[in-house]
Amino acid sequence: MPEGLVLFGRSIDSFLTAEAVLWALGASLAGVVVGALPGLTATMGVALMTTLTLKMPPSQALLVLVCTYVGAIYGGSRSAILLNIPGTPASAASCLDGYALAREGRAGYAMGVATSGSVLGTLIGMFFLALFTPLLGNVALQFGAYEFFWLAAFGVVISGNLTGDDPLKGWMAGFLGLFLATIGQEGVYAFERFTFGTRDLAGGLSLVPALVGAFGFAELLMVMREKRPPVKLDPVDSVIPKFADIWKYRRTIVRSGCIGTFIGIIPGVGEDSAAWTSYAAAKRASKEKERFGKGSVEGLMAAETGDNACVPGAMIPVLTLQVPGSAPAAVLMAAMLIHGVRPGPLIMVESPQFVYDVITMILFATVGILIYGLTLTRILVQILRARYQVIVPVIFVLCTVGAFAIAARLFDVWVMLGFGLLGFALRLGNYPMAPLVLGLVLGDLLEKSLRRGLVLSDGDVAPFFTRPISALLITLIVLVIASRFITRRRAS
Amino acid sequence: VEKPSPRADLAWSAAWLALSTAILVASWTMDRLERLGAKLYGAPGLVPGLLGLVLLVLSLALAVRAVRQGARQGALRRGRPFILDQTWMGTALVLALCFGYAAGLIGRVPFWLATFVFVTAFIAMFEYPARRRMALAPAYAAATSLVVTWLFESVFLVRLP
């Protein structure tokens, strides 16, 4: 622990420059704005920012991305409270009580509660990030090809199970993502698969243009398709959070923070599940159950604490296992790889400082959202009135340039367009996007691990089932699938 | 988004079945590189084939579920029909504009000009018939074109198409 504090101190020292602080504040603001605008998600924000920060030094680029991520998850609560439309899926639970409070003329108070919940949730998540990353890093050192294969499969299965409301479709999206990751030259013989003679496809589908398409272009198509009601905002009262509320709901805050972090650690599940689970747990434990859904401060606090605690939580598997805990974390992981940062089991051995750098980045983002939560309410209200007819073409220009910027080739713009269409079609069919992204990101790990494992065992599949961690992961996969069938049977 | 109807799910399952079968066939017929000493478990088609198989099973499960929910009875019992509705006109227009810009103009005309034309056309078409807002479209487009070009080239040092 003292060593960790020293490393943390070093990180703060290295990031405490005027330039880094300005980038952090700017990126947090960009994140809050993206998150606040309904239809634009944190994943889209991080994907677009990845393309903007390509030429930056890695530490600065990742600072911008982490701040955008934290800012966007927080920003979603603004429109949830003011418009009853979640800015990001993560804020859907905040609509229930946040908007009810706004209808009572307490919109500012609700935003203050959301700000305090978000800040405290992020801080709780940060604490667990510092605590668990070295521990999980040690466990991860015992992972071999067999375990990584099952971990990748587990990620896709549980992501399909918990994101969206139809696990079957979630699994299909996840396995489609895994398949799409096999396009291009395979790793052993450099044999080209599914390239149809296209040289640009030989290197595989570039991850960032694909994500910009699936989350950027596809979301724009959805936004333009849905009719938005005219923006009517209730007057905003004071946004300063009350210490009495924080103290009164301290147990809810700690519980939601723990739940959010834990859900963040589970591969591919993400912030929306964290918010709903925290909300449900708070309702179960509350003495004022009847207030939930009708303007409960406790409910809003739980949802906002849970989804923001999930952000640092989702970074834990990224750093230790190279497996993302949520869709935005998947993009962030891709950005790390682009910038030459290689997270994974050896991170605590090779570059422990980086873990504390990430914690510092999250701390900077937390300061950013606190500042904007207290000062920017009226400007954000104006932003929420912005016309999508103007915003959409501007964002599409950024999607196009961003896709091109990765490798300066027009083919990536086509990839972005193709994934945009695919993402749009899948959304219309009620297929969740997070498993698709997770499949794309984990496809390489799954294939490499399977083939490496088979080579090591000379084609014997037994080690995939008999090693302790593998057996544990298989059991979890079976339980996840079985739980769905049991729930379904009970429901019918 | 409203949930699709069982009939739409059945249509989806047909598309999934076609895709997964194509993946399976392509993986099975893929060169196994035995001449290079590759064993069966090292064949390039192994992983895509397994994934195709899983997708095939899931597609069948989706089809069975859709039929059980009444997809074949013809009636759209609940949920959104898959057929085209009015909002598709708007979607088609967005698609045409975006593809025209990204796949048509980009790389063929200077970036700033392509962006100006695209943003102007987009705002003007979607603000129609509000004349005052339509008149502002070139101003928004010029600002976007200038700021994005400057931001990417001068601040982020990224080459533009």
Side-chain angles (χ1 to χ4, degrees), chain A residues 51-56 165-166 168-169 171-172 175-176 178-179 182 186 188-189 191 193-194 217 220-222 224-227 387-390 392-394 396-401 403-405 408 410 413-414 416-417 420-421 424 427-431 443 446-447 450-451 454-455 458-459, chain B residues 1 3-4 8-9 12 16 19 23 26-27 30-31 33 36 38-42 44-48 50-52 54-55 58-59 61-62 65 87 90-91 94-95 97-99 101-103 106-107 111 115 118-119 122-123 126-127 133 140-141 144-145 148 151-152 156-161:
Chain A
T51 63
L52 289 175
T53 53
L54 282 175
K55 297 289 164 79
M56 283 185 173
D165 51 9
D166 189 341
L168 181 60
K169 290 183 176 177
W171 296 331
M172 293 176 95
F175 280 96
L176 177 67
L178 288 174
F179 165 71
T182 66
E186 48 87 44
V188 181
Y189 300 99
F191 182 82
R193 297 178 300 196
F194 310 106
F217 185 28
L220 297 182
L221 288 169
M222 292 302 290
M224 289 304 288
R225 206 179 132 78
E226 285 159 10
K227 287 209 164 47
R387 294 181 63 76
Y388 274 36
Q389 288 88 333
V390 177
V392 166
V394 176
F396 184 72
V397 168
L398 293 177
C399 289
T400 308
V401 182
F404 177 84
L410 282 172
V413 175
W414 282 95
M416 182 273 291
L417 291 171
L421 280 181
F424 177 59
R427 276 175 169 85
L428 288 180
N430 200 31
Y431 292 85
L446 180 122
E447 172 157 26
L450 177 66
R451 295 178 78 180
L454 287 171
V455 169
D458 198 20
Chain B
V1 178
K3 277 187 186 179
D9 277 348
W12 268 101
W16 282 109
L19 175 74
I23 295 170
S27 305
M30 199 177 279
D31 193 340
L33 304 177
L36 297 176
K39 296 188 176 162
L40 183 65
Y41 56 79
L46 176 73
V47 174
L50 288 174
L51 294 171
V54 175
L55 276 175
L58 294 173
S59 314
L62 184 66
R65 193 181 73 180
T87 52
T91 306
V94 177
L95 279 172
L97 285 166
C98 291
F99 269 79
Y101 170 67
I106 289 290
F111 174 78
T115 302
F118 166 67
V119 178
F122 196 104
I123 297 175
F126 281 94
E127 291 290 16
R133 288 194 187 127
Y140 283 125
T144 306
S145 181
V148 172
L151 199 69
F152 274 85
F156 297 117
L157 307 175
V158 170
R159 228 186 86 197
L160 288 171

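Quantities reported herein were computed from a predicted structural model and do not represent experimental measurements. Numbered from 1 within each chain, the chains take letters A, B, ... in sequence-line order.
- Side-chain contact between B:Phe152 and A:Leu398 is present, with heavy atoms from C-beta onward closer than 4.5 Å.
- A 4.5 Å side-chain heavy-atom check between A:Met172 and B:Trp12 finds every atom pair outside the cut-off.
- Separation of atoms OG1 (B:Thr91) and CE (A:Met222) is listed at 8.5 Å; rounding is to 0.5 Å.
- For the pair A:Lys169 and B:Asp9, the minimum side-chain heavy-atom distance is below 4.5 Å.
- Considering only heavy atoms from C-beta on, A:Val413 stays 4.5 Å or farther from B:Tyr101 through its side chain.
- Both the backbone and the side chain of A:Phe179 come within less than 4.5 Å of a heavy atom of chain B.
- With a 4.5 angstrom heavy-atom cutoff, A:Glu186 touches chain B only via side-chain atoms.
- Using a 4.5 Å cut-off between heavy atoms, A:Leu220 does not touch chain B at all.
- Between chain A and the options B:Thr115, B:Val54, B:Ile106, B:Leu36, the largest number of non-hydrogen pairs under 4.5 Å is found for B:Val54.
- When the candidates A:Leu54, A:Leu176, A:Thr182, A:Leu410 are compared by the number of heavy-atom contacts under 4.5 Å with chain B, A:Leu176 comes out ahead.
- Contact of A:Val397 with chain B is made through backbone and side chain together, with heavy-atom distances under 4.5 Å.
- In terms of heavy-atom pairs under 4.5 angstrom with chain A, the leader among B:Leu19, B:Leu40, B:Leu33, B:Val119 is B:Leu33.
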**Study point:** side-chain contact (heavy atoms from CB on, under 4.5 Å) between B:Phe126 and A:Val392, worked out
**Key:** CA-CA 11 Å; B:Phe126 281 94; A:Val392 166; over 6 Å; no
Check your understanding: Given the rule in the side-chain contact (heavy atoms from CB on, under 4.5 Å) test, do B:Phe122 and A:Val394 qualify, once you have shown the distances and angles that lead to the verdict?
Key -> CA-CA 10 Å; B:Phe122 196 104; A:Val394 176; over 6 Å; no
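- Side-chain contact check for B:Tyr140 versus A:Arg387: every heavy-atom pair is 4.5 Å or farther apart.
- Heavy atoms closer than 4.5 Å to chain B are found in the side chain of A:Leu450, but not in its backbone.
- Contact annotation for A:Met56: only side-chain heavy atoms (C-beta onward) come within less than 4.5 Å of a heavy atom of chain B.
- Residue contact with chain A, scored on non-hydrogen atoms closer than 4.5 Å, involves the backbone and the side chain of B:Ala38 alike.
- Contact of the B:Pro4 side chain with the A:Tyr431 side chain is not registered, since no non-hydrogen atoms from C-beta on lie closer than 4.5 Å.
- Listed options A:Val455, A:Leu446, A:Val401 were ranked by heavy-atom pairs under 4.5 angstrom with chain B; first place goes to A:Val401.
- Proximity to chain B (any heavy atom under 4.5 Å) is shown, for A:Leu454, by both the backbone and the side chain.
- Looking only at heavy-atom pairs under 4.5 Å with chain A, the residue among B:Gly107, B:Gly42, B:Gly52 that has the most is B:Gly42.
- Interface remark: of the candidates B:Ala61, B:Ser145, B:Ala102, B:Ala102 forms the most heavy-atom pairs closer than 4.5 Å to chain A.
- Contact annotation for B:Ser59: both backbone and side-chain heavy atoms come within less than 4.5 Å of a heavy atom of chain A.
- Heavy-atom pairs under 4.5 Å with chain B were tallied for A:Trp171, A:Phe424, A:Phe404; the largest tally goes to A:Phe404.
- Checked against the 6.0 Å centroid criterion, the rings of A:Phe396 and B:Phe118 qualify as a close aromatic pair.
- Taking CG of B:Leu50 as the reference point, atom CD of A:Glu447 lies at 10.0 Å (rounded to 0.5 Å).
- The backbone N or O of B:Pro44 lies less than 3.5 Å from a partner atom in the side chain of A:Arg193, making a donor-acceptor pair.
- Using a 4.5 Å heavy-atom threshold, the side chains of B:Phe99 and A:Leu421 count as touching.
- Proximity to chain A (any heavy atom under 4.5 Å) is restricted, for B:Leu46, to the side chain, taken from C-beta onward.
- No other option in A:Thr51, A:Leu178, A:Val390 has as many heavy-atom pairs under 4.5 Å with chain B as A:Val390.
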